[in-house]
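The structure appears right after this line, and notes come after that.
Position 1 is the first residue of the sequence, and the numbers go up from there. Side-chain atoms are counted along with the backbone in the values below, which use heavy atoms only and exclude waters and symmetry mates. This is a predicted model, so every value here is computed, not measured. Order of listing sets the numbers, starting from 1, for every ligand and every atom in it.
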Amino acid sequence: MEIKIKIAAAAISLLVIGGCSNNNSLSVEEMDHASMDHSNMMSDMMEGHMNHDQVVSLNSSTGENELKIPSILERDDEEGVVYTVRAQKGKTEIFDGTESVTYGYNGSFLGPLLRFEKGETVKIRTINELDEKTTFHWHGLEVAGDVDGGPHDALQPGEEKVIEFEVTQEASTLWFHPHPEGKTAEQVYNGLAGLVYINDDNSKSLGLPDDYGKNDIPLIFQDRTFDEEKQLNYRAAMNDDGTIGDTLLINGTLNPKLTVSKEKVRLRLLNGSNARNFTFKLNTGDSFVQIATDGGFLNEPVTLKEVTLTPSERAEIIVDFSQLNTDNDLALINEDGSVLLPFEISDQSGVSSRTPGNMNDFSLTKEELELPVTKEIELFGMMNMVTINGKKFNPDRIDFTQQQGVTEVWEIYNKPDMMGGMIHPFHIHGTQFKILSRDGEEPPENERGWKDSISIKPDERVKIAIQFKHKGVYMFHCHILEHEDNGMMGQIKVE
Ligand code: C2O
Ligand code: CU
Ligand code: CU
């Protein structure tokens, strides 16, 4: 219902302004004004044909297909170059007996897992084999601006580029996806996304489940709409406020199930959707523990009954199948009860691992808590009239500068509109930051860890402490990919 109202309000503003949906120069004041003066049109609109079908709930997984596990990308033999990543177009049998046209990295759909060690120097040959421009963005990696793969780094069809960086950050679950200006949403939707794991001495010493695909499971959640021909028709499905669909894919698997042993299983959750938020819980109401945020381990496991991830956020959780009553059907479900991932419990007993009590030394320092706010960011709008500080993205404009290695406090405010507004997941490239407060309060326990994306509710004000280890120009934006493409993005130059 909430979404419908917002769509109606946006439509009113569009009508009032008179078909200027491509006019990027509309100021925030004008937008406010427009919807205020004509709020009486609201009820007409709501009862009329503005009944968009955007409020789509997710179909429950029938569990008929075993979950696909992304392959691990092998290192190249070639001297000096460590990995090759190709963006490709292909066909994938998502539905039995039908081929859907999809995009993928080194394959037809999604991408392989890249595993890095802290301290190593990585060289990646990126190749664009698509028939349109693309970029290779490393979401969550602390790298220099010129290898970050933002919209300035587009590779034309057939072009390639070797990038190199040192892995300096701690163990974490990151990802990569394209970022061409105005085309990010469509390319991700078509299947361009892959995972990056970083390991370090700490992660190897903790004794956490780490048998890839057995008790350490990557889970990329994406919702899609398929047309009657079982094709991903982005143009037809596209919604300016974020494209959502009724069909869930996990790692590109339709109707997935996961077979596990009676042991502790680590699930690395990535919300890889263009716009849908997920609240993950177990159908039995049992609790689990969260062990990691976007950019590293929490200090201690946090016991939870549910965890919400907005687009691009990650969480690692451990579900202890040796303790759950397996007489019942077990499944990971979404907030609304739709079944995301049914579990099949095999008879094997699995390994018994202990979740360590102390995993990291993350802290908010007194200095950080006392720093004044030096950058203010205001998120506003909906549909294609989204802005940051009243402005839309301009590749030729630098919005902020910051010194390399200097911690600053940014305050990010999600300014509501007359209809209340919506959640914006705010993401910053090239770094991991700390949440200092949400509306003046301490962040919840499971957000006391490194983050690169943060969900911000309407009228919420968050403060973060942020430092860049490298130089360059970096994007910050809403990770509802259509908002990003519609200009809800700015640039910071680190010098
Ligand atoms: Cu997931 Cu601009 O990034
Ligand atoms: Cu990013
Ligand atoms: Cu947004």
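The atom of His137 that is an N, O or S and sits closest to the Cu ion (ligand 2) is NE2. Within His139, the N, O or S atom at minimum distance from atom 1 (Cu) of ligand 1 carries the name ND1.
Here the angle at atom 2 (Cu) of ligand 1 defined by NE2 in His477 and NE2 in His179 stands at 110°, rounded to 10 degrees.
Ring geometry for Phe476 against Phe400 counts as tilted: the plane angle lies between 30° and 60°, on a 0 to 90° scale. Under the 30°/60° scheme for interplanar angles, the aromatic rings of Trp450 and Phe362 are found to stand perpendicular. Classification of the Phe468-Tyr474 ring pair by plane angle, with boundaries at 30° and 60°, yields parallel. Between Tyr197 and Tyr212, the ring planes are perpendicular. Angles over 60° get that label, and only those under 30° would be called parallel.
At a cut-off of 2.8 Å, His429 is counted among the residues with an N, O or S atom near atom 2 (Cu) of ligand 1. Taking backbone and side chain together, His177 holds an N, O or S atom under 2.8 Å from atom 1 (Cu) of ligand 1. Counting backbone and side-chain atoms alike, His427 contributes an N/O/S atom closer than 2.8 Å to the Cu ion (ligand 2).
The only option from Tyr105, Phe116, Tyr83, Phe136 that meets the ring pair (Phe, Tyr, Trp, His ring centres under 6.0 Å) definition with Phe176 turns out to be Tyr105.
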